[in-house]
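The block underneath contains the structure these notes are about, expressed in structure tokens.
Atoms within a ligand are numbered from 1 in the order they appear, just like the ligands themselves.
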Amino acid sequence: MKALVYRGPGFKALEERPKPALQAAGDAIVKITKTTICGTDLHILKGDVPTCTPGRILGHEGVGIVDSVGPGCTSFKPGDHVLISCISSCGKCDYCRRGMYSHCRSGGWILGHTIDGTQAEYVRIPHADTSLYPVPAGADEEALAMLSDILPTGFECGVLNGKVTPGATVAIVGAGPIGLATLLTAQFYSPSRIIMIDLDDGRLEVARRFGATDTIHSGKEDAAAKVMALTGIGVDTAVEAVGIPATFELCQSLIAPGGTIANVGVHGQKADLHLERLWSHNITITTRLVDTVSTPTLLKAVMSKKVDAGSLITHRFTLDRILDAYETFGRAAETHALKVIISP
Ligand SMILES: NC(=O)c1ccc[n+]([C@@H]2O[C@H](COP(=O)([O-])OP(=O)(O)OC[C@H]3O[C@@H](n4cnc5c(N)ncnc54)[C@H](O)[C@@H]3O)[C@@H](O)[C@H]2O)c1
Ligand SMILES: [Zn+2]
Ligand SMILES: [Zn+2]
């Protein structure tokens, strides 16, 4: 089969690889119908994720058809249409029993990281019963691919951890797919104001279309001063959806007393915490690796059109052209790419 293989920092190739085989009783082999590329795949290619070693097939998002199952997989059978979660979970360990699938003792974020991933014709899914979801009849497969990672990430790490409430004010720093997924799912709670902050005018325009009440280009304007001018006291929820020290510090300048800073970004460096100012502000800071516990809820929201997941898709490629898909996704400022769909 064809697969996109990580070949060490800066290198990747579309290669011919053997079709994966069942290894454990709970495994399923899934024939991929739609997959996509994540900002985290670009982090891996930059060498930021050393736990992902050369030779690994990338990708942790996708939809497909079950090809075969091991004797321990009882919820799915060959031919079933399934959504693949970016987090594999056994459902039985102490972390899974607490709903913290991201820290599953024999799972977590392993797909396209420490085991071969979804940017291929077939993928092996461990703990298939608890890591796959049935695709409802009539669902838009491409839109569902947004449920593997970005919608649960924006919702769990940004909206739920950030405690967005009706009438509250929200600032989201970073209008990439994750920041936009946070923007879409924050609207479940009817906040009075959602301020999006980014350096890319194109993405800020998308944010306004997706329901942002205000947008700030932080390269051209003083974002903290503008948020204070808009809100008087700062925002109740500040979501960090970039993953660099500057944007975590910006969130600390935007937060109102009593507010919550919800960090979503993957950070590779230490960042300053301004306790000399914030110690008396009654704030909360949260961090989270997505658990994908909200996937069934979000699946219903997508099916009932309460959230338009398909609106995040900008480009489509066949698997033979996945290198072009990476090129397009990697130059998002010029190509205006958000999510690119890849079909084997
Ligand atoms: N916590 C989790 O479980 C989890 C899961 C998935 C992704 N992530 C992380 O979330 C982050 C966002 O992901 P994405 O795919 O949307 O990334 P992305 O790179 O597509 O988007 C980041 C956005 O931030 C903007 N930006 C960059 N520097 C900025 C600055 N100084 N000020 C304001 N805006 C700035 C960029 O223009 C871009 O639009 C990444 O760090 C990613 O690794 C976390
Ligand atoms: Zn991802
Ligand atoms: Zn577990």
Counting each atom of ligand 1 from 1 as listed, which ones have a heavy atom of S218 under 4.0 Å away? 32 (N), 33 (C)
Check for me, please, whether L299 and L132 land in the same ILVMFWY cluster - side-chain distances under 4.5 Å, paths through other members count. no
Pairs of nitrogen or oxygen atoms closer than 3.5 Å, one from D198 and one from ligand 1: do any exist? yes
Using 2.8 Å as a strict upper limit, say whether an N, O or S atom of C86 approaches the Zn ion (ligand 2) that closely. no
Short list, please: which atoms of ligand 1 are under 4.0 Å from a heavy atom of G174? 24 (O)
Starting from atom 13 (O) of ligand 1, find the nearest protein heavy-atom neighbour and note its residue, name and distance. I178 CG1, 3.2 Å
Do you reckon L180 sits in the same ILVMFWY cluster as L147, going by side-chain contacts under 4.5 Å, direct or chained? yes
Tell me, which N, O or S atom in H60 is closest to the Zn ion (ligand 2)? NE2
N/O/S atom of D149 under 2.8 Å from the Zn ion (ligand 2), yes or no? yes
Do you know which two heavy atoms are closest between R203 and A332, and how far apart they sit? NH2-CB, 3.4 Å
Y95 vs H103 aromatic rings, parallel, tilted or perpendicular, using cut-offs 30° and 60°? tilted
Residue portion contacting ligand 1 (non-hydrogen atoms closer than 4.0 Å) for L250: neither
Of all protein heavy atoms, the one nearest atom 38 (C) of ligand 1 is R203 NH1, 3.3 Å
What atoms in ligand 1 come closer than 4.0 Å to a heavy atom of T40? 7 (C), 43 (O)
CZ (R277) with more than 12 external heavy atoms under 6.0 Å: yes
For ligand 1, is there an N or O atom under 3.5 Å from any N or O atom of V266? yes
Determine, step by step, whether T182 and V159 satisfy the side-chain contact (heavy atoms from CB on, under 4.5 Å) criterion, reporting the C-alpha distance in whole Å, the side-chain angles of both residues, the deciding distance to 0.1 Å, and the verdict. CA-CA 6 Å; T182 309; V159 177; 3.9 Å; yes
Decide whether F188 and F210 are clustered together by the hydrophobic rule: side chain heavy atoms of Ile, Leu, Val, Met, Phe, Trp, Tyr closer than 4.5 Å, transitively. yes
In this structure, atom 29 (C) of ligand 1 is nearest to the protein heavy atom L199 CD1, 3.5 Å
Value rounded to 0.5 Å, distance of CG in L151 from CG in L312: 6.5 Å
Taking side chain as C-beta onward, heavy atoms only, is P126 less than 4.5 Å from I110? yes
Below the 3.5 angstrom mark, is there an N/O of A246, backbone or side chain, next to an N/O of ligand 1? no
Atoms in ligand 1 flagged as close to H43, the criterion being non-hydrogen separation under 4.0 Å: 41 (O), 43 (O)
Check whether any N, O or S atom of H103, backbone or side chain, sits closer than 2.8 Å to the Zn ion (ligand 3). no
Under-4.0 Å heavy-atom contact with ligand 1, by part of R288 that carries it: backbone
Only heavy atoms of L289, strictly under 4.0 Å: list the atoms of ligand 1 that pass. 3 (O)
Examine V49 and I57 and state if one hydrophobic cluster contains both, with Ile, Leu, Val, Met, Phe, Trp and Tyr joined whenever side-chain heavy atoms are less than 4.5 Å apart. no
Indicate whether atom 17 (O) of ligand 1 is within a distance of less than 4.0 angstrom of some protein heavy atom. no
Tell me whether I244 reaches ligand 1 (any heavy atom closer than 4.0 angstrom to a ligand atom). yes
Taking distance alone, with N or O pairs closer than 3.5 Å, would you say C157 contacts ligand 1? no
For the Zn ion (ligand 3), decide whether C93 has an N, O or S atom at a distance under 2.8 Å. yes
Which residue and heavy atom of the protein sit nearest atom 27 (C) of ligand 1, plus the separation: V242 CG1, 3.5 Å
Backbone, side chain, both or neither: what part of L42 comes under 4.0 angstrom of ligand 1, heavy atoms only? neither
Does NZ or CZ of K12 lie under 6.0 Å from the centre of the six-membered ring of Y6, at an angle within 45° of the ring axis? no
For atom 44 (C) of ligand 1, which protein heavy atom lies nearest, and how many Å away is it? V264 O, 3.0 Å
Going from CG on D308 to CG on L184, what distance comes out if it is rounded to the nearest 0.5 angstrom? 7.5 Å
With the 4.5 Å side-chain cut-off for hydrophobic clustering, are L4 and W109 part of the same group? yes
Apex the Zn ion (ligand 3) - arms SG from C96 and SG from C104 - angle rounded to 10°: 100°
Hey, what do you get for OG1 (T33) to CD1 (I341), rounding to the nearest 0.5 Å? 9.5 Å
Minimal non-hydrogen separation, E221 against T215, with atom names: OE1-O, 4.5 Å
Atom NZ of K226: over 12 foreign heavy atoms under 6.0 Å: yes
Could you tell me the residue and atom name of the protein heavy atom closest to atom 22 (C) of ligand 1, and the distance to it rounded to 0.1 Å? A241 O, 4.0 Å
Ligand 1 and G265, any nitrogen or oxygen pair closer than 3.5 angstrom? no
Counting from 1 in the order shown, the ligand 1 atoms closer than 4.0 Å to a non-hydrogen atom of T153 are 2 (C), 4 (C), 5 (C), 6 (C)
